[in-house]
Amino acid sequence: HRDLHSFPTRRSSDLKGLKRLNEEVLAKTNFDPATLWQWGTMQAMALIEVLKTAEEKYGAEGQKLVLDSLHRIGYDIGKQITQGTTLPDDITPIEFASFLASIFNKIAYASLETAAIESEDDANFHIDWCPHQDVYKPFDCRVQRYFVQGMIDAGMDYFKTQRPAM
């Protein structure tokens, strides 16, 4: 599918933060960038524990509370990723869906993937590596699923505003 770098995918505040990280931290200190991976893993595990505790204490209502929150945050991130993006006139819905999956996997999750468009109605991807694959248990991925669903919903809502006739 299309080159990810041809689409803007970062907010100006993200770019400021990245510039500061590169210029003030990485260039001037002995900071190990793996620390950022450790931070992300701690946050992911904390969120999974919040979900499990909410489920234990409040049952289905607790689960819904956390999963709805994840969806809202994912939706906001999806809006930020697509905001200001100019779509090529000839991009199809399935190409856009594949593009979104690649953005979410490679940029939002730092996961390596192999993407494929099978037909005009079918796109898929295989996660070749996930930063949390050695920490997550199988059922823990539901946290990611609801978060990503919010991003996908925002992306498809954006696509509809750009291609109302499709």
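Taking 4.5 Å as the limit, every side-chain heavy atom of I117 sits out of range of all side-chain heavy atoms of T92. By the 4.5 Å heavy-atom criterion applied to side chains, D153 and H71 are counted as neighbours. Residues L100 and M156 have side chains in contact (heavy-atom distance under 4.5 Å, counting atoms from C-beta outward). Side-chain contact between Y58 and V66 is absent, with no heavy-atom pair separated by less than 4.5 Å.
Atom CD of residue Q149 and atom CG of residue L67 lie 12.0 Å apart, to the nearest 0.5 angstrom. Rounding to the nearest 0.5 angstrom, the gap separating the CD1 atom in I81 from the CG atom in D76 is 10.0 Å. Atom OH of residue Y146 and atom CG of residue L51 lie 9.5 Å apart, to the nearest 0.5 angstrom. Remark: D157 CG to I152 CD1 distance equals 12.0 Å, nearest 0.5 Å. Within the model, atoms CD of E55 and NZ of K52 stand 9.0 Å from one another, a figure rounded to the nearest 0.5 Å.
With a 6.0 Å radius and a threshold of 12 heavy atoms from other residues, nucleotides or ligands, D89 has its CG atom at or below the threshold. Remark: E61 CD is loosely packed, at most 12 non-hydrogen atoms of other residues, nucleotides or ligands lying under 6.0 Å away. Counting heavy atoms of neighbouring residues, nucleotides and ligands inside a 6.0 Å radius, atom CD of Q43 exceeds 12 of them.
The heavy-atom pair separating F147 from I77 by the smallest distance is CZ-CD1, 3.3 Å. The two atoms that bring A154 and K79 nearest to each other are CB-N, 3.6 Å, heavy atoms only. Closest heavy-atom contact between E120 and I94: O-CB, 3.3 Å.
Partners of Y158 by side chain to side chain donor-acceptor pair (under 3.5 Å), not counting sequence neighbours: none found.
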Apply the test side chain to side chain contact (heavy atoms under 4.5 Å, CB included) to residues T82 and F159: give CA-CA distance (whole Å), side-chain angles for both, the deciding distance (0.1 Å), then the verdict. CA-CA 9 Å; T82 56; F159 186 82; over 6 Å; no
